[in-house]
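We name chains A, B, ... by the order of the sequence lines, and we start the count at 1 in each one.
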2 protein chains.
Amino acid sequence: MKLSTKGRYAVTAMFDIALHHHEGPVSLSDISERQGISLSYLEQLFARLRGQGLVKSTRGPGGGYSLAMDSERIAIADVIDAVDENVDATRCGGTTDCQNHRRCLTHGLWEDLSDQIRGYLSGISLAQAVSEMHVRQVSDRQDHQLHHVETV
Amino acid sequence: MKLSTKGRYAVTAMFDIALHHHEGPVSLSDISERQGISLSYLEQLFARLRGQGLVKSTRGPGGGYSLAMDSERIAIADVIDAVDENVDATRCGGTTDCQNHRRCLTHGLWEDLSDQIRGYLSGISLAQAVSEMHVRQVSDRQDHQLHHVETV
DNA sequence: CAAATAACCTAGTAAACTACTCAGGTATTG
DNA sequence: CAATACCTGAGTAGTTTACTAGGTTATTTG
């Protein structure tokens with residue numbers, strides 16, 4: 001599991017689709033405008049997201065991308081894994097005979113770490129993340145209103 | 001929090017020191033040979049680790065690096081943070097007015113995520129990781145012996 | 001004291017990755 | 001048929017990664 005900005009772009013885009021899902025397919029140009037990500041970069045990311053079966057596409061006018069399954073069934077980990085090719089952080093190519101004819105030092109440690117983080121991100125669905133954001137937005141708005149009242 | 005191979009190199013090196021701590025300071029050339037990491041790259045990494053006060057150096061023959069504090073008090077997160085400059089994954093420079101005059105979509109989500117992972121890695125000390133590895137090695141050896149008996 | 005050791009420092013570099021532009025396709029709708 | 005929007009590939013500036021090369025400085029040992 002690799003954590004970088006690239007994965008964040010993908011999550012942001014999937015987030016955007018989840019938010020506008022009810023209006024039908026979401027075009028990449030809409031996402032590009034709303035999220036400030038270049039269209040071509042989005043196209044690259046969505047080629048992978050589609051390849052992993054996370055989104056499905058509809059061509060032609062009014063077309064765009066929609067979630068391939070319910071947003072409850074898409075985990076943040078799936079999205080990140082789809083766009084970030086795994087870096088082989090172990091550098092052993094899957095073998096256990098990687099360093100001086102023995103398991104390299106951090107092989108197990110790093111695997112455990114990766115597993116743990118993937119586990120955490122697998123437990124969070126797009127749906128959960130979206131609803132969490134709504135809660136945050138409401139409390140932000142309330143904070144803002146409160147502040148407004150105080151200053152008046 | 002960024003997760004990449006660079007942080008893994010740093011953790012591996014710190015691991016090596018923790019394992020050879022009792023023999024006095026550990027030289028970078030020893031780590032280089034044992035872990036298969038280039039000497040100069042280690043020098044770059046240790047400049048940062050020293051700057052963060054995680055290791056202390058002794059010059060001259062028989063010198064090297066030793067842990068600046070007890071291995072129980074050094075968290076994996078500290079090591080990774082020392083070498084991986086934070087990527088500002090939010091791309092907002094700390095402001096909350098990052099995208100179209102509102103908090104960008106995944107700002108909060110990504111912060112939560114980062115916090116959670118940092119929290120996990122802060123809870124694992126070098127000492128814990130080392131002892132975990134020892135357990136793993138013993139069970140590996142037992143597996144190997146068992147296999148040997150079976151095949152004989 | 002001299003030589004060996006090892007930290008410390010600076011510069012450069014091939015390869016990979018990031019985020020992007022450009023320039024075309026192809027499928028679908030009105 | 002024309003507009004839309006997916007799809008594909010090439011190219012690219014900037015950054016990061018992991019490394020090589022070539023020093024200097026501090027310390028120990030013969």
Side-chain angles (χ1 to χ4, degrees), chain A residues 2-13 16-17 20 23-52 54-68 80 83-91, chain B residues 2-13 16-17 20 23-51 54-68 80 82-91:
Chain A
K2 183 182 168 188
L3 272 190
S4 64
T5 49
K6 193 174 185 179
R8 185 175 184 271
Y9 277 99
V11 172
T12 304
D16 190 275
I17 293 181
H20 298 86
E23 305 158 21
V26 181
S27 74
L28 291 189
S29 42
D30 282 358
I31 300 178
S32 171
E33 208 178 320
R34 275 196 294 258
Q35 305 302 331
I37 310 171
S38 91
L39 182 61
S40 287
Y41 197 43
L42 282 173
E43 279 170 343
Q44 283 178 40
L45 296 178
F46 273 80
R48 286 168 178 269
L49 291 171
R50 198 172 69 97
Q52 290 300 311
L54 296 175
V55 293
K56 51 189 178 188
S57 59
T58 6
R59 289 186 158 196
Y65 285 94
S66 30
L67 303 180
I80 293 175
V83 296
D84 275 330
E85 53 255 57
N86 44 338
V87 200
D88 184 23
T90 59
R91 214 194 198 183
Chain B
K2 181 183 169 187
L3 273 191
S4 62
T5 50
K6 192 176 185 179
R8 185 176 182 271
Y9 277 99
V11 172
T12 305
D16 190 275
I17 293 181
H20 298 86
E23 305 159 19
V26 181
S27 74
L28 291 189
S29 43
D30 281 358
I31 301 178
S32 171
E33 207 178 320
R34 276 194 295 257
Q35 305 303 331
I37 310 171
S38 89
L39 182 60
S40 285
Y41 196 42
L42 282 173
E43 280 172 344
Q44 282 177 40
L45 297 178
F46 273 80
R48 286 167 180 269
L49 291 171
R50 199 172 67 96
L54 295 175
V55 294
K56 51 190 176 189
S57 59
T58 7
R59 289 186 159 196
Y65 286 94
S66 30
L67 302 180
I80 294 175
V83 297
D84 275 331
E85 52 256 56
N86 44 339
V87 201
D88 184 24
T90 59
R91 214 191 197 188

Aromatic plane relationship, Y9(A) with Y41(A) - under 30° parallel, 30 to 60° tilted, over 60° perpendicular: perpendicular
Separation of dC20(C) P from Y41(A) OH (nearest whole Å): 7 Å
d(CG, L42(A); P, dT8(D)) in whole Å: 16 Å
Length of the line joining L45(B):CG and dT16(D):P, which is rounded to integer Å: 15 Å
Whole angstrom value for the distance that separates C1' of dA5(D) from CD1 of I17(A): 13 Å
From S4(A) atom OG to D84(B) atom CG, the distance as rounded to the nearest 0.5 Å: 11.5 Å
Touch class at under 4.0 angstrom, heavy-atom based, for F46(A) against every strand present: nothing
Nearest-neighbour nucleotide for the I37(A) side chain, dC20(C), dT17(D), dT28(D) considered: dC20(C)
Which atom of A82(B) lies closest to which atom of R48(B), heavy atoms considered: O-CB, 3.5 Å
R50(B) side-chain N/O to dC8(C) phosphate OP1/OP2 under 4.0 Å: yes
No-H, no-angle donor-acceptor pair, R59(B) side chain to dT25(D) base, under 3.5 Å: yes
Nearest-nucleotide pick for P61(A), side chain only, options being dT18(C), dG11(D), dA3(D): dA3(D)
Nucleotide dT18(C), atom P - distance to CG of L3(A) in whole Å: 12 Å
Atom-to-atom span, NZ of K6(B) to P of dT15(D) - whole angstrom: 15 Å
L67(A) and I17(A), any side-chain heavy atoms less than 4.5 Å apart: yes
Short side-chain N/O contact from T5(A) to OP1 or OP2 of dT18(C), under 4.0 Å: no
Separation of dA18(D) C1' from Q35(B) CD (nearest whole Å): 16 Å
Rounded interatomic separation in angstrom, taking CG from L28(B) and C1' from dC9(C): 13 Å
Working for side chain to side chain contact (heavy atoms under 4.5 Å, CB included), residues L45(A) and K6(A): CA-CA 9 Å; L45(A) 296 178; K6(A) 193 174 185 179; 4.0 Å; yes
S27(B), nearest nucleotide to its side chain (from dA19(C), dA6(C), dC7(D)): dA6(C)
Sugar-phosphate, base or nothing in reach of L39(B), heavy atoms under 4.0 Å: nothing
Under 3.5 Å: donor-acceptor pair, side chain of S27(B), backbone of D30(B): yes
Base dC22(C) paired with S40(A) side chain (donor-acceptor, <3.5 Å): yes
Out of dA18(D), dC19(D), dT18(C), whichever nucleotide has its closest atom nearest the side chain of S4(A): dT18(C)
Phosphate contact (dA7(C) OP1 or OP2) by T58(B) side-chain N/O below 4.0 Å: no
dT15(D) OP1/OP2 closer than 4.0 Å to side-chain N/O of K2(B): no
Donor-acceptor pair (no angle test) under 3.5 Å: E43(B) side chain, dC9(C) base: yes
